[in-house]
Amino acid sequence: MSSSSFFIIFLAILIIPYLSSASFHEANALLEWKQSLQASKNNSFLSSWTPHPINSTTSIPCTSWFGVVCNAHRSVEILNLTSSELNGTLNRFPFYLLRNLTHFDLSLNNLFGSIPPEIRLLSKLVYLELSGNKFSGAIPPEIGLLASLETLHLFENNFNGSIPQEIGQLTSLTELALYNNSLQGELPPTLGNLRNLAYLYLQDNKLSGQIPPEFGQLVNLVKVFISNNALDGPIPLTMGKLSKITILHLFGNHLNGSIPKEIGSMVSLESLSLYSNNLSGSIPSSLGDLISIKFLYLYQNQLSGRIPTKLGNLKSLVDLQVSENELNSSIPSSLENLSNLRYLSLRANKLSGRIPQGLGSLDLVKLEMDTNQLSGHLPKNLCHGGKLRSLSLSFNQLSGPIPRGLRNCLNLTRALFHFNQFSGDISSSFGVYPSLDLLDISHNNFHGELSQNWSKCKNLTTLLMGYNNISGRIPREFGDSTRLKKLDLSSNHLVGEIPKEFGKMKVMLYLSLADNQLSGAIPLELGLLHNLLSLDLSTNRLNGSIPTSIRGWAQIYYLNLSNNKLSGKIPSEIGMLCQLTVLDLSQNSLTKEIPSEIQSLVNMAKLNLSHNRLSGSIPISFGKLPRGIDISLSYNQLTGPVPPYAIFVNTSTQVLQGNPGLCGNITGLKLCETDQIICNIKNPLHHRIILTIILPLFVALFLGLFTCTLIQYRRKNKSCVQKPLDQEGNCDFFSISSFDGRAMYDAILKATNDFDDAYCIGTGGYGIVYKAKLKSNDIVAVKKLHLSCDQKADHKGFLSEVQALTNIRHRNIVKLYGYCSHVRHSFLIYKYLEKGSLGSILSSDLLAKELDWLKRVKIVRAIADGLAYMHHDCSPPIVHRDISRGNILLDSDYEAHISDFGTAKLLKMDSSNWTAVAGTYGYIAPELAYTMVATEKCDVYSFGVIALEVIMGKHPGELITSFPTYSDDFLLLGDSRIPPPSSLQVEKQVKSVMLLSKACLNSNPLERPTMRQVSDRLCIDI
């Protein structure tokens, strides 16, 4: 044997035991880390991780351990535990032993805590994948010492702080993914040192500041995603040097200035997304040099000027969206050359002129040109290839007939033509569309009669044809449209009866046949529409009585039967429609007395029974209607005194005029006889008789009442004196507050004169609210609950919830001071806010003018912040369930505060929540109608309604269901009582609110954002 062979054998004898020992120590260290993980299903994944004896003939953990791969020297080289349901931290991970690790993958687990600085010890690491966990804290700067690192994935965690500038030391890095975290601060200029970087993913963080010009040094970049952050400033001109880049996404930031013409040098670019920024100026014609581009998104900016003719050179372009800008002039005919174009959106600009006829020859799938100033006729060959699915041309000045080619567009799902000047025969303008979901041709000049073909569009859910010149009868076949949820045929010239077949449209939500010439009786079958939310049959020639089948409309909140020829009595079944907020039966021939069941309409905001033949007295039950209701009983045959209810306090003359038989101490009415003072008694004998007989009777009556009251009071309070003050009982004083219970109870009763109507400032679903000024000059709002002590099924549970709610501290939630309970009264005590409810301000033309756009945007943000706190920062989370205009209160600075959460249930995560729909109709999420379970996403929907209402200045009504199809331009939907925003920045904020409200009003609760996401987005935008 040669000496060299002998040396090799000798060396092997020395090294092999050492290597086995090293592997043994690595295995033991990994086992210790395994033991530190929390008990979970990870045992099934790491069950192969078991200890072996040091003298084992097999090398551990290289041969049998799950997720472990060793190198030739039997040292751990790859650790891949992705999707292994690990639950724990890296605090005890053996970084100091695994120095040969090159690939480290712990993605898609439940790991939390911070990344230890010992990560620097993995000096040979090439691939580091920690995404999809719950890691938090800052990214350790020690990561910059991993000189061999080529891939760094930390996305979808909870990292915060700034991106460490030490990352710029990773010069071998080719892929950096930090998206979906909470990273803040500016982009470090040192990123420009990553000359090998090809893929950069930083989207969905909170990064701010400008994009460093050093980005132009990253010449090997292929894909860049820095969207949905708070970046500002201009796009650096140096980015034009990135000739290899294929995807550049910078949308959802605050970038300003113009689009650099240098971007036209990115010859490899396939997708450019700059939407939702503050970019201004014109679209550079150099973008026409991007010959490889397929997707160009520039919408939601402030771009102006013409659409460049050179964009017609982009033969590879598939999707072009430049909507919601300020582009003007005409649409260039060169767009006809975009043979691969499938999606074109030019909506919400200031474009004028005609639509190029050549666009009709394109195989477009989606065409949006609504909300412009376009005129003329549509292209004759529209829907040339038959692929068109979505067509939106509303809010223009287009005229002429609908092209015949559209009749053969069988893939059409959505078509919006409303607010134009289209004409033609409705019966021949449209065909049968098997996939059609929504058609809106309202506010045009269509004529002719309705065709039964509409019932053959089996997927149709929304059909809007109001404000045209359509005549003839409504075909009975319309009843076969069993998926129809919204039908509007109002303001036409329809005649004949309402088909009884309408009763087959079981899912109908909104039905309007108003302002036609319909006659006959209201069909009994309409009572079968149990999901109906809104019905408008006003201004027709309907006769007969109101059918008792209306009891089937348990969900309805808007009912208008005014201006018809209806007769007979108002059916008592009207009291079963307890969700009604608007009831208008005016301008009919209704007779007899007003039914007492009307007292059940506790959500009523507007009641109009004027111009009928109603008789009898005003029912006592009116005292249970909400204070502040808009009511009109004028021009009837009502008699007797006007009862002294809150709804008639300070009422105007118009409310009751035209009822000669009414009397009372109200301007315009005669005084009742019992109120008149006898001023002249001529016969002194008569005077003495009155004093001799009547005065003693009054004295006796007074003494009798006083004695009975005193006895009754002593009986009720006898046992109370003997019990401790804080002990619960049927007549005890119980208090959850920083005040003495009995003292506070007595002080409230004194301050409100035993809850006199004069101190009433509002009503709600749970009780009546009073203003109380205490001796300390503190002013509080007191909500006197409807329920008495013996009516509360779970008094202790209720008290424990209130106790928790008193600990809530947030600037946008009304402070709950405490709760007092007694057999006579139970009430909640809140902080008093000077400006009152948002609803009362928006409903007043004078007060609404005080809410400029900036104040309105801040109100929306404040509501979002308060709800985010309730949903995400309270333990357990709180679902409000009744977010509405009446439950948003404003202080002296117009800061918004959420109120009436005191009786909301605390969300129990391990059980269902409520078994009945609660809340104010018009604000309730649609899924509550069938799930009966209130979740945070129900509050999100209600927030969407409120946000839209703040911008519009009124409840959006039926617009809610079709809002995503409307422009979110405030000029179209914004409150016209105040001038437009004075700056582009405020205008941008208003648009951001409207955009978020669209997302919150999504019919699918799973697709709505969380309130935390809404709050964070508003924090960035406002």
Side-chain angles (χ1 to χ4, degrees), residues 394 399-404 406-407 412 415-434 436 438-505 508 510-526 528-529 532 534-544 547 560-566 958:
S394 55
S399 60
I402 302 297
R404 293 190 61 84
L406 200 67
R407 292 174 58 90
L412 198 64
L416 305 176
F417 299 93
H418 52 288
F419 285 97
N420 275 288
Q421 300 170 19
F422 288 118
S423 59
D425 192 331
I426 188 68
S427 60
S428 59
S429 295
F430 298 93
V432 176
Y433 307 102
L436 189 64
L438 184 154
L439 175 70
D440 190 346
I441 61 169
S442 60
H443 297 271
N444 278 288
N445 298 316
F446 291 107
H447 64 270
E449 298 188 3
L450 295 172
S451 167
Q452 64 181 18
N453 283 340
W454 292 111
S455 63
K456 299 177 182 179
C457 302
K458 296 299 182 181
N459 286 299
L460 196 61
T461 63
T462 303
L463 181 59
L464 309 177
M465 295 183 168
Y467 294 88
N468 280 285
N469 295 311
I470 302 171
S471 57
R473 296 175 177 268
I474 302 174
R476 292 181 299 173
E477 290 78 6
F478 263 55
D480 297 330
S481 301
T482 54
R483 293 191 177 184
L484 207 57
K485 296 181 179 180
K486 186 171 184 179
L487 175 62
D488 186 355
L489 302 176
S490 62
S491 297
N492 280 288
H493 307 295
L494 298 172
V495 298
E497 298 184 351
I498 300 173
K500 63 181 181 180
E501 288 78 7
F502 270 31
K504 296 189 293 183
M505 297 188 288
M508 181 66 71
Y510 303 91
L511 176 60
S512 179
L513 306 176
D515 193 18
N516 280 287
Q517 300 168 27
L518 299 172
S519 57
I522 299 174
L524 294 173
E525 290 78 5
L526 288 188
L528 299 175
L529 306 182
L532 202 61
S534 175
L535 176 64
D536 193 346
L537 303 179
S538 62
T539 317
N540 278 288
R541 300 174 182 175
L542 301 173
N543 53 40
N560 191 345
L561 305 179
S562 64
N563 202 11
N564 278 287
K565 299 180 180 180
L566 300 174
E958 298 180 8

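Worth saying up front: this structure is predicted, and the values here are computed from it rather than measured. What's counted below: heavy atoms across the whole structure, side chains too, no hydrogens, waters or symmetry copies.
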Atom NZ of Lys500 with >12 non-hydrogen neighbours under 6.0 angstrom: no

With sequence neighbours excluded, residues passing side-chain hydrogen bond (donor to acceptor under 3.5 Å, both in side chains) with Ser562: Asn560

Residues forming a side chain to side chain contact (heavy atoms under 4.5 Å, CB included) with Ser423, sequence neighbours excluded: Asn445

For Asn563, all residues meeting side chain to side chain contact (heavy atoms under 4.5 Å, CB included), sequence neighbours excluded: Thr539, Gln587

Test item: Asn492 side-chain N/O and Asn468 main-chain N/O as donor-acceptor pair under 3.5 Å: yes

Results of side chain to side chain contact (heavy atoms under 4.5 Å, CB included) for Glu477 - residues two or more places apart only: Gln452, Ser455, Pro475, Asp480

Sidechain-backbone polar pair: Arg407 side chain, Phe430 backbone, donor-acceptor under 3.5 Å: yes

From Ser534 atom OG to Lys486 atom NZ, the distance as rounded to the nearest 0.5 Å: 8.5 Å

Any residue meeting ring-ring contact (aromatic ring centres under 6.0 Å, His included) with Phe422, in chain and number order, not counting sequence neighbours: Phe417

His418 vs Leu464, side-chain contact (heavy atoms from CB on, under 4.5 Å): CA-CA, chis, key distance, verdict: CA-CA 9 Å; His418 52 288; Leu464 309 177; over 6 Å; no

Residues which pass side-chain hydrogen bond (donor to acceptor under 3.5 Å, both in side chains) with Asn543, listed by chain and number, not counting sequence neighbours: none

Atom pair CG/CG of Leu542 and Leu513 - distance to nearest 0.5 Å: 8.5 Å

Partners meeting side-chain hydrogen bond (donor to acceptor under 3.5 Å, both in side chains) with Arg483 (sequence neighbours left out): Asn459

Separation of Thr462 OG1 from Asp440 CG (nearest 0.5 Å): 9.0 Å

Partner residues of Arg473 under the side chain to side chain contact (heavy atoms under 4.5 Å, CB included) criterion, sequence neighbours left out: Val495

For Ser427, all residues meeting side-chain hydrogen bond (donor to acceptor under 3.5 Å, both in side chains), sequence neighbours excluded: Asp425

Taking every non-hydrogen atom, the tightest pair across Glu449 and Ile426: O-CG2, 3.2 Å

More than 12 heavy atoms of other groups within 6.0 Å of Lys458 NZ: yes

Minimum-distance pair of heavy atoms, taken over all atoms of Leu484 and Met505: CD2-SD, 4.1 Å

Shortest non-hydrogen contact from Asn564 toward Leu537: ND2-O, 3.0 Å

Partners passing ring-ring contact (aromatic ring centres under 6.0 Å, His included) against His447 (at least two apart in sequence or in another chain): none

Distance (rounded to the nearest 0.5 Å) between Thr461 OG1 and Leu487 CG: 11.5 Å

Separation of Ser394 OG from Asn420 CG (nearest 0.5 Å): 7.0 Å

Atom pair OG/CG of Ser481 and Leu463 - distance to nearest 0.5 Å: 7.5 Å

Atom of Leu489, atom of Leu450 and distance for their closest heavy-atom approach: CD1-CD1, 4.1 Å

Ring pair (Phe, Tyr, Trp, His ring centres under 6.0 Å) contacts touching residues 474-502 (sequence neighbours left out): none

Derivation of the side-chain contact (heavy atoms from CB on, under 4.5 Å) call for Leu561 and Ile522: CA-CA 10 Å; Leu561 305 179; Ile522 299 174; 4.2 Å; yes

Closest non-hydrogen atom pair, Arg476 against Pro499: CA-CB, 4.1 Å

Nearest non-hydrogen partners of Asn540 and Leu518, listed with the distance: OD1-N, 3.0 Å

